[in-house]
Amino acid sequence: MSPDELRDDQVDGPELTARLAKTWGTDKGIIGALSTVDHKVIGRRFIATAILFLFLGGLSAILMRMQLALPENRLMGPDFYNQLFTMHGTTMMFLFGVPIGEAFAVYLVPLMVGTRNIAFPRLNAYAYYVYVFGGLLIWVAFVLNIGPDVGWFAYVPLSGPEYSPGKRADFWAQMITFTEVSGIAVAISVIVTVFKFRAPGMTLDRIPLFVWAELINSFVIIFALPAVVTASATLMMDRLVGTHFFNPAEGGDALLYQHLFWFFGHPEVYIIFLPATGWVSAIVVTFSRRQAFGYIALVLSLIATGFLSFGLWVHHMFTTGLPQLGASFFTASSMLIAIPNGIQIFCWIATLWDGRPVFRTPLLFIVGFFFIFVAGGLSGIMLASVPLDTQVHDTFFVVAHFHYVLIGGNVFPLIGAVYYWFPKFTGRMMSERLGKWHFWLAFIGFNATFFPMHILGLMGMPRRVYTYLPEMGWGSLNLFTSLGAALFFASFVLFLYNIVSSARRGAVAGPNPWNAGTLEWASASPPRPQNFDRIPVVTNREPLWAHRDDLPVVAGLSVENREQLVTTVTDARADLRETTPEPSIWPFIAAIATAILFIGSMFTPWALVWGSVPLALALMGWFWPKPSTEDER
């Protein structure tokens with residue numbers, strides 16, 4: 001550290017703000033845009049890309065409902081329908097459901113813990129580009145009519161070399177690897193940010209519930225995602241170089257694939273749900289005007305949910321012929337997870353009950369979440385029972401259940417979160433009038449779409465069929481469901497219009513329009529490149545409620561270098577100052593090299609050898625040491 005280096009206790013006011021903005025800002029132009037490591041810029045891109053995939057997944061769902069609206073409909077053939085439902089499930093689970101939670105973490109966690117950037121910012125930028133390339137890979141294949149057609153789970157032997165010749169299943173397997181590499185990279189950045197970059201005074205029992213949810217979610221991601229990477233990698237080896245991991249004729253085991261997939265697949269439901277619990281907690285607390293009821297119980301419930309999510313995967317395999325003892329164990333564990341989820345619901349209701357709730361649009365969507373998610377949870381308990389699961393397995397009853405859980409448990413809180421944090425993202429408010437119209441259209445449209453599917457499932461209508469005969473008696477309910485889907489989709493069109501029009505002409509928000517208590521609202525709206533002019537000091541779970549006009553701060557960080565304050569893990573005492581990496585184009589180039597390697601490996605195993613050369617060069621550029629400003633003096 002240079003003794004004559006300008007520090008933030010030596011300058012004040014607009015000059016401090018301007019100098020920090022220059023130090024932490026991003027260069028103009030395309031190279032600057034591709035080199036940025038600002039967590040807010042990467043987070044906004046993550047969120048926008050995930051919501052784009054949400055619309056693409058919703059569009060594919062509308063096309064499926066148009067096909068199923070009438071018996072013996074000839075709108076599309078079975079081959080296109082197979083690609084369509086595969087793309088719908090794959091997009092919603094891998095390109096929207098998991099990334100959207102991490103996208104909000106990338107943007108909000110550094111702001112909520114009171115630091116200036118995420119840990120490992122270049123890794124974070126690399127993760128975004130890898131995610132985009134994975135999504136482009138599979139959607140370009142679909143547009144070219146070579147999209148995957150084996151379902152979002154790609155069970156073997158259907159996805160194996162014998163029953164799926166060509167490259168369709170390969171596109172699916174490589175997309176999985178792309179998105180999971182991205183997911184693990186973001187999870188690592190979030191964990192280190194929460195443990196080492198919290199503002200002084202933010203002890204473990206003062207961490208915002210949203211940050212707790214993202215922290216536990218990141219641990220679940222790190223332990224769950226390697227299982228599906230193993231499944232997709234071994235599937236690729238079976239298809240490309242003739243290994244026989246899943247070929248029973250050569251000593252392999254097809255059920256091994258299902259175990260690997262669902263060991264990831266069931267925690268994935270909670271990877272999608274856990275960030276939503278953080279959105280719910282933040283919105284409920286702010287609009288109740290009181291601190292969360294049962295803070296400790298909520299944190300312990302999050303931990304229990306993350307832990308138990310790994311003990312349920314076999315309930316997806318009840319019909320594969322499990323030993324009775326195994327079925328009993330996984331039935332019990334599946335029902336057990338209702339306990340922490342129930343505790344969270346009761347704590348949120350108690351917070352509202354004991355507060356002074358203000359029913360603005362974000363809170364309306366959370367109330368909708370309560371109804372829909374609880375209904376999905378009740379049908380989940382039914383499916384945890386082996387006899388009932390056996391009867392309705394692979395019927396529309398299951399489709400209804402998981403849409404109640406996933407849309408109720410993720411999409412409704414997500415919409416509330418977008419309305420809630422939109423002022424922070426853009427500096428403008430979304431329209432309340434359009435927001436209320438949006439809520440009622442979405443709530444009615446959702447239930448009209450998915451509730452009749454319970455009845456269709458009990459009537460025996462199977463999943464993944466592209467048409468059905470009139471004499472089955474499913475036509476009227478399918479037509480009603482399709483009309484409900486059109487209404488639900490229309491609500492998202494209204495949502496998109498509200499976003500675009502409010503971003504251009506919405507009322508100016510100011511730094512804290514909801515009078516919230518967490519640290520992200522202590523920054524400007526939208527936040528400046530440095531997030532905070534001086535790092536805040538935390539003395540309360542809702543620091544802005546405890547210090548409305550005089551939030552305490554700590555000074556001493558460099559104004560001329562990208563310094564961050566590192567704190568201790570448990571009690572967040574100031575520990576040391578660390579310089580965070582400058583913007584760099586190399587994460588973008590490394591992501592391109594990664595894409596070339598993986599796409600090439602769909603055609604020849606030698607791509608792993610030759611493709612590693614440009615990737616290694618990109619990594620050398622990434623980590624090549626640069627002289628610091630101090631060295632240059």
Side-chain angles (χ1 to χ4, degrees), residues 33 36-58 91-113 117-136 178-191 193-194 208 210-211 213-218 220-222 225 268 270-280 282-283 406 409-426 492 495-496 499 503 520 526-527 531 587 591:
T36 184
V37 292
D38 187 332
H39 75 97
K40 300 178 292 298
V41 177
I42 300 296
R44 280 199 301 269
R45 293 176 185 173
F46 244 124
I47 293 170
T49 308
I51 289 181
L52 172 64
F53 282 124
L54 170 66
F55 274 88
L56 290 175
T91 300
M92 289 303 199
M93 299 302 282
F94 293 104
L95 298 178
F96 164 69
V98 175
I100 191 66
E102 293 195 305
F104 271 78
V106 167
Y107 190 98
L108 286 171
V109 164
L111 286 167
M112 295 181 85
V113 301
N117 204 353
I118 198 166
F120 311 125
R122 292 183 180 178
L123 180 66
N124 185 50
Y126 170 79
Y128 171 71
Y129 295 123
V130 167
Y131 160 59
V132 169
F133 292 147
L136 286 176
F178 269 110
T179 55
E180 306 320 310
V181 167
S182 169
I184 292 172
V186 173
I188 292 170
S189 297
V190 170
I191 289 172
T193 303
V194 175
F210 171 84
V211 177
E214 293 287 0
L215 176 66
I216 293 162
N217 190 52
S218 297
V220 175
I221 285 172
I222 285 177
L225 265 55
E268 187 190 24
Y270 293 93
I271 291 170
I272 292 171
F273 174 62
L274 282 169
T277 66
W279 302 331
V280 173
I283 294 171
L406 293 176
N410 178 275
V411 176
F412 270 71
L414 166 67
I415 297 171
V418 171
Y419 277 96
Y420 179 61
W421 278 295
F422 188 83
K424 184 54 57 183
F425 298 150
T426 66
F492 282 90
F495 181 43
L496 184 62
I499 289 175
E520 77 274 26
N531 289 351

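Positions are given from 1, in the same order as the sequence printed here.
With values rounded to the nearest 0.5 angstrom, Ile47 atom CD1 is found 7.0 Å from Ile51 atom CD1. Note that CG of Leu123 is 4.5 Å distant from OG of Ser189, once rounded to the nearest 0.5 Å. With values rounded to the nearest 0.5 angstrom, Phe120 atom CZ is found 7.5 Å from Ile188 atom CD1. Taking CG from Leu136 and CZ from Phe178, the interatomic distance works out to 10.0 Å, rounded to the nearest 0.5 Å. With values rounded to the nearest 0.5 angstrom, Ile100 atom CD1 is found 12.0 Å from Leu95 atom CG.
Contact annotation: the side chain of Pro110 approaches that of Ile118 to within less than 4.5 Å [non-hydrogen atoms, C-beta and beyond]. Annotation: side chain of Thr179 is not in contact with side chain of Val98 (no heavy-atom distance under 4.5 Å). Side-chain contact between Val190 and Glu102: absent, with no pair of heavy atoms (C-beta onward) separated by less than 4.5 Å. Side-chain contact between Tyr128 and Val106: absent, with no pair of heavy atoms (C-beta onward) separated by less than 4.5 Å.
Considering every non-hydrogen atom in both Glu214 and Pro275, the closest pair reads OE2-CB, 3.5 Å. For the residue pair Ala127 and Ser182, the shortest heavy atom distance occurs at O-OG, 2.8 Å. Taking every heavy atom of both residues into account, Ile499 and Phe422 meet most closely at O-CZ, 3.7 Å. Shown here for Ile221 and Gly183, the closest heavy-atom pair between the two residues is CG2-O, 3.7 Å. The two residues Tyr129 and Ala591 make their nearest non-hydrogen contact at CB-CB, 3.5 Å. Across all their heavy atoms, Pro527 and Tyr107 have their closest contact at CD-OH, 3.3 Å.
Centroid-to-centroid, the aromatic rings of Phe104 and Phe210 stay 6.0 Å apart or farther. Between Phe46 and Tyr131, the ring centre distance stays below 6.0 Å. The distance between the ring centers of Phe96 and Phe53 does not fall below 6.0 angstrom.
Using modelled atom types, one side-chain atom of Asn410 and one backbone atom of Ile272 make a donor-acceptor pair closer than 3.5 Å. A distance-only check finds no donor-acceptor pair linking the side chain of Asn124 to the backbone of Ala119 [under 3.5 Å]. Not one N or O on the side chain of Thr36 forms a donor-acceptor pair closer than 3.5 Å with the backbone of Ala33.
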Legend entry - Worked check of side-chain contact (heavy atoms from CB on, under 4.5 Å) between His39 and Asn531: CA-CA 10 Å; His39 75 97; Asn531 289 351; 3.0 Å; yes

Inset, instruction - Verify side-chain contact (heavy atoms from CB on, under 4.5 Å) between Trp421 and Trp279, making sure each step is shown before the conclusion. - result: CA-CA 10 Å; Trp421 278 295; Trp279 302 331; 3.6 Å; yes

Legend entry - Criterion side-chain contact (heavy atoms from CB on, under 4.5 Å) on Met92 and Leu54, from CA distance to verdict: CA-CA 6 Å; Met92 289 303 199; Leu54 170 66; 3.8 Å; yes

Inset, instruction - Determine, stepwise, if the pair Ile415 / Phe495 fulfils side-chain contact (heavy atoms from CB on, under 4.5 Å). - result: CA-CA 9 Å; Ile415 297 171; Phe495 181 43; 4.1 Å; yes

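Judged as a salt bridge (Lys or Arg N to Asp or Glu O under 4.0 Å), and not counting sequence neighbours, Lys424 has no contacts. Qualifying side-chain contact (heavy atoms from CB on, under 4.5 Å) partners for Arg122, counting only residues two or more places apart in sequence or in other chains: Val37, Pro581, Glu582, Ser584, Pro587, Trp622.
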